[in-house]
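See below for the structure under consideration.
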2 protein chains.
Amino acid sequence: MVKRVRGSTTGRPIMALLDLLGRRWTLRIVWELREEPKRFRELQDLTGASPTIVNTRLAELREAKLVELDDATGYRLTALGNELLRLFLPLHVWSEKWAKATA
Amino acid sequence: MVKRVRGSTTGRPIMALLDLLGRRWTLRIVWELREEPKRFRELQDLTGASPTIVNTRLAELREAKLVELDDATGYRLTALGNELLRLFLPLHVWSEKWAKATA
DNA sequence: ACGGCTTGCTACATATTCCGTAGCAACAGG
DNA sequence: CCTGTTGCTACGGAATATGTAGCAAGCCGT
């Protein structure tokens with residue numbers, strides 16, 4: 001497994017971030033963790049992704065220090081991950097507007 | 001080509017949006033269009049993605065009314081796309097902080 | 001009218017990634 | 001023990017991405 005981030009040879013953090021978030025299920029998983037911690041299988045059921053992918057994405061997110069595993073409660077966002085999520089929260093509102101515009 | 005958005009059977013716009021943005025190169029392409037319009041080959045060179053994918057993503061983004069093609073200048077964000085981008089701009093600053101934290 | 005250039009876009013074979021199912025080892029409770 | 005839950009992995013087939021080549025249409029200069 002390659003460590004280097006795809007398409008981001010520039011070394012610019014924003015590129016690495018866009019690459020990380022631009023992977024199937026990554027954004028969705030972060031989103032599902034927005035409120036309460038979730039178990040591995042919960043994330044599986046909620047997203048509908050295969051365990052292979054859930055595991056891979058969780059590993060990437062953990063390495064990126066956006067997600068951590070608390071044995072007692074499950075996977076949850078780190079402080080850093082929460083900051084990121086907060087940047088994404090306006091998307092929820094905006095997506096409603098977008099849905100109307102594209103309908 | 002399937003119209004229905006992957007993994008978003010719920011009908012919730014946020015899921016459709018997260019799915020659309022969570023595809024390889026989508027976020028990156030939107031990002032590259034943040035300032036000036038770009039030509040097809042410019043996007044190819046900037047991102048390093050294959051023309052097949054660039055074309056596919058541009059088609060998706062155009063259908064989502066986030067990107068449009070102006071013959072004179074190239075691909076650019078629509079008004080809607082610009083709104084979305086503005087929600088993402090704080091990512092740029094945050095990514096620097098994130099890079100330091102993960103280093 | 002011809003060559004040379006750029007435009008958006010496509011074909012096709014290969015490589016990578018993802019999916020779906022099954023199942024593992026560790027642990028907890030009954 | 002038996003059963004259930006935990007995180008996680010193996011593996012074969014399906015979907016997606018890559019990399020290279022090239023097409024048709026338009027423009028520009030000669």
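The structure presented is a predicted model; accordingly, all values stated were derived computationally and were not measured. Letters A, B, ... are given to chains in the order of the sequence lines, protein chains preceding strands, and every chain is numbered from 1.
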Is Arg24(A) near enough to dC19(C) that one of its side-chain N or O atoms lies under 4.0 angstrom from OP1 or OP2?
yes
OP1, OP2 of dG7(D) versus side-chain N and O of Asn55(A): anything below 4.0 Å?
no
Under 4.0 Å between a side-chain N or O of Trp25(A) and OP1 or OP2 of dC18(C)?
no
Touch class at under 4.0 angstrom, heavy-atom based, for Arg41(A) against every strand present
base
Spacing between Asp71(A) atom CG and dT5(D) atom P, to the nearest angstrom:
18 Å
Is the distance from OP1 or OP2 of dG8(C) to the nearest side-chain N or O of Arg39(B) less than 4.0 Å?
yes
Within the structure, does a side-chain N or O atom of Arg57(A) lie under 4.0 Å from either OP1 or OP2 of dC18(C)?
yes
For Asp45(B), is there an ion pair with Arg41(B) - N to carboxylate O distance below 4.0 angstrom?
no
When rounded to whole Å, the CD to C1' distance for the pair Gln44(A) and dT6(D) reads 12 Å
I'd like to know whether Arg76(A) forms a salt bridge (Lys or Arg N to Asp or Glu O under 4.0 Å) with Glu68(A), so could you lay out the CA-CA distance, the side-chain angles of the two residues, the decisive distance to 0.1 Å, and finally the verdict.
CA-CA 6 Å; Arg76(A) 67 182 175 198; Glu68(A) 64 191 355; 3.0 Å; yes
Atom CD of Glu42(A) and atom P of dT5(D): how far apart are they, to the nearest Å?
12 Å
Atom CG of Asp45(A) and atom P of dC19(C): how far apart are they, to the nearest Å?
15 Å
Ion pair Arg28(B)/Glu32(B), N-O distance below 4.0 Å
yes
What is the distance, to the nearest angstrom, from the CZ atom on Phe40(A) to the P atom on dA26(C)?
18 Å
For Leu20(A) versus Ala64(A), what's the shortest heavy-atom pair and its separation?
CD2-CB, 3.7 Å
Spacing of Ile53(A) atom CD1 relative to dC8(D) atom P, expressed in whole Å
14 Å
Nearest-Å distance for atom pair CG/P, residues Leu58(A) and dC8(D)
7 Å
Taking atom C1' of dG8(C) as reference, at what distance in whole Å does atom CG of Leu61(B) sit?
16 Å
N-O pairing of Glu83(A) and Arg86(A) below 4.0 Å:
no
Pick the nucleotide of DNA chain D nearest each of Thr52(A) and Gly74(A); which residue has the one closer to the 5' end?
Gly74(A)
Distance test, side-chain N/O of Arg62(B) to OP1/OP2 of dC9(C), below 4.0 Å:
yes
